[in-house]
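Working notes, structure below.
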Amino acid sequence: MIAQRVALSLLILFAVSVVIFVGTEILPGDVAQNILGQTATPEALANLREKMGLNEPALSRYLSWLGGLLQGDLGVALTNGRDIAESLISRFGNTLFLAAVAAIMSVPLAIFLGLVAVRYRDRWPDKVISAATLTSISLPEFFIGYLLMLFFAVKFPAFPSVASVYDGMGFLARLHAVALPAFALTLVVLAHMMRMTRAAVLNVMESPFIETAELKGLSSFKVIYRHALPNAIAPIVNVVMLNMAYLIVGVVVIEVIFVYPGLGQYLVDHVAKRDVPVVQAAGLIFAVIFIGLNLIADITALLSNPRLRHPK
């Protein structure tokens, strides 16, 4: 079953590479027009396109790009001639740092709130937590980001509105810079993880062994923490991994709002420039991360389920 999941993930990744290539092909305009401007002559455009290899057939360019990927070569940016892999390293590191800060805040908080909601099921703490998380999950990312910016960077200037980071920046200074985008991402993923934790634990609470633990006189918190939570860990891990994938792949909007120098901002900048190799490379990296984390979630679910580990 694990081999099937891996094979399916590789097939999906191949399909995604085709979609990314076709998507960049149908973008209006091209990098040659962007470099030379609207006043460029047809002859100058034709010469630059020939020099950049843009006149070659699409299939030939796709196979060349795919062959380079299989050898670890992401190509060079058409706008500045720089190696794409080198340009992506620092940007990707910034995105991972932002996602890690958001994950450290959101995962423990989501599990804790989910357990509190189970402990006080159908009482006011459960209702308040459910209402608050439902509200946060209903708001779009950009709206949450601008609200945080308005209150905590404009009205009460505790954090910067522009999340500027640079090489050699201190850890605490970097944390202060990414506080608002990290908090925005936390609010985006917190509700989903909390609600799944609550649903998974409540499902286990209906099991006979939970009733036995309650008859032994254990407190409600001990029953939930020691007996229900360990048996509900598989679906919780699954949804946590999916949200970790979203934290990395879904940061594009947040990075643009806070002008954060991550992979998402880098992707958007080069979409505007019609720099196709950069867009393809960044899009494929996002796809690899998302598919890879989904694969880890699937394998974790398989290994944590005895009925799947030992099929009859």
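The chain is numbered in sequence order, starting from 1. Just the heavy atoms: all of them, side chains too, but no hydrogens, waters or symmetry mates, feed the values below.
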Expected output: side-chain S136 to main-chain T133 donor-acceptor under 3.5 Å | yes

Tell me, do V22 and Y62 make a side-chain contact under 4.5 Å, heavy atoms counted?
-> no

Under a 4.5 Å cut-off applied to non-hydrogen side-chain atoms, are Y260 and I254 in contact?
-> no

Is it true that R198 and D126 have a side-chain N and a carboxylate O under 4.0 angstrom from each other?
-> yes

4.5 Å side-chain heavy-atom contact, L185 and S106 = no

If you round to the nearest 0.5 Å, how far is OG of S64 from CG of L59?
-> 11.0 Å

Gap separating the CG atom of L134 from the NZ atom of K127, nearest 0.5 angstrom = 14.5 Å

How many angstroms lie between atom CE of M149 and atom CG of L180, to the nearest 0.5 angstrom?
-> 7.5 Å

Beyond-backbone contact of P157 with F152, side-chain heavy atoms, under 4.5 angstrom = no

Going by heavy atoms in the side chains, are V252 and Q265 under 4.5 Å from each other?
-> no

How many angstroms lie between CE in M194 and CD1 in I137, if you round to the nearest 0.5 Å?
-> 9.0 Å

Donor-acceptor under 3.5 Å (D73 side chain, L69 main chain) | no

Side chain to side chain donor-acceptor pair (under 3.5 Å) with N294: which residues, sequence neighbours excluded?
-> none

Sort and list the pairs that fulfil ring pair (Phe, Tyr, Trp, His ring centres under 6.0 Å) and have at least one residue in residues 111-145, not counting sequence neighbours.
-> none

Just grab all the side chain to side chain donor-acceptor pair (under 3.5 Å) pairs involving residues 152-179, residues at least two apart or on different chains.
-> N94-R174

With the side chain counted from C-beta on, respond yes when V279 and L267 share a heavy-atom pair under 4.5 Å apart, and no when they do not.
-> yes

Side chain proximity check, L284 to S17, heavy atoms < 4.5 angstrom = yes

Got F258 and F159 here, is their nearest side-chain heavy-atom distance under 4.5 Å?
-> no

